[in-house]
Amino acid sequence: MKMEIYCKQKHLLNLAIHHAKALSVDSKDAVISIKRLPPQFTQKGLIEYPRTLGKRVYMDIYIKMDDEKEITLAHEMMHVKQVLIDGVIDENEAYLYEKTYEMP
């Protein structure tokens with residue numbers, strides 16, 4: 001089964017699909033939902049602890065809808081890869097990816 005990505009904002013949805021392909025996780029059996037981060041949170045983005053039902057992994061990503069939302073999405077998509085590949089979150093790798101990825 002292929003990855004499914006859901007987001008109400010078409011631009012962020014297309015970017016998430018781009019990142020999933022660039023990070024070679026688009027073929028993983030996962031469902032990713034991208035949502036607006038509530039305003040009371042101070043960070044730019046977060047990924048909730050993944051839930052696994054059968055072989056399928058479900059993850060919610062929350063993004064602050066500001067002028068850095070594309071960079072934040074790149075960072076959080078690296079965390080999606082990390083969770084799906086080995087389950088270990090590495091902030092340094094995510095920061096490096098967000099600084100070096102090229103917008104499509």
Should Gln9 and Arg36 count as side-chain neighbours, where that means a heavy-atom distance under 4.5 Å?
-> yes

Smallest heavy-atom separation, Leu23 atom then Met78 atom, equals CD2-CE, 3.6 Å

Side-chain touch Thr52/Arg56, heavy atoms, less than 4.5 angstrom = no

Heavy-atom closest pair, residues Leu46 and Gln43 = CD2-NE2, 3.3 Å

Check whether any side-chain heavy atom of Leu37 sits under 4.5 Å from a side-chain heavy atom of Met65, and report yes or no.
-> no

Reported OG-to-NE2 distance for the pair Ser24 and His19, which is rounded to 0.5 angstrom | 13.5 Å

Hey, are the side chains of Val31 and Met59 touching, using non-hydrogen atoms and a 4.5 Å cut-off?
-> no

Cluster overlap Tyr6 with Leu73, hydrophobic side-chain contacts below 4.5 Å = no

Which atom of Ala16 lies closest to which atom of Met77, heavy atoms considered | O-CE, 3.5 Å

Are any of the side-chain heavy atoms of Asp60 and Lys35 separated by less than 4.5 Å?
-> yes

Could you give the distance from SG (Cys7) to CD1 (Ile63), rounded to the nearest 0.5 Å?
-> 8.5 Å

When rounded to the nearest 0.5 angstrom, what distance separates OG in Ser27 from NZ in Lys21?
-> 11.5 Å

Answer with yes or no whether the side chains of His79 and Glu76 bring together a donor and an acceptor at under 3.5 Å.
-> no

Between Val80 and Met3, which heavy-atom pair has the shortest distance, and what is it?
-> CG1-CE, 4.3 Å

So do Leu53 and Arg51 actually touch side chain to side chain, heavy atoms under 4.5 Å?
-> no

Donor-acceptor pair, side chain of Lys64 and main chain of Phe41, under 3.5 angstrom | yes

Counting distance only, does the side-chain N/O of Gln82 pair as donor-acceptor with the main-chain N or O of Asp90 below 3.5 Å?
-> yes

If we ignore angles and hydrogens, is there a donor and acceptor under 3.5 Å between the side chains of Tyr95 and Glu93?
-> no

Please examine the side chains of Leu13 and Ile5, heavy atoms only from C-beta on, and report whether any two atoms are closer than 4.5 Å.
-> yes

Out of curiosity, does Ile32 fall in the hydrophobic cluster containing Ile89 (side-chain heavy atoms, cut-off under 4.5 Å, transitive links)?
-> yes

Report yes if the side chains of Leu12 and Lys69 come closer than 4.5 Å at any heavy-atom pair, otherwise no.
-> yes

To the nearest 0.5 Å, how far apart are CD1 in Ile61 and CD1 in Ile47?
-> 5.0 Å

Is the shortest distance from a Lys or Arg side-chain nitrogen in Lys2 or Asp29 to a carboxylate oxygen in the other one below 4.0 Å?
-> no

Please confirm whether Tyr97 and His75 have ring centers closer than 6.0 angstrom.
-> no

Rounded to the nearest 0.5 Å, what's the gap from CG on Asp67 to OG1 on Thr72? Could you check?
-> 9.0 Å

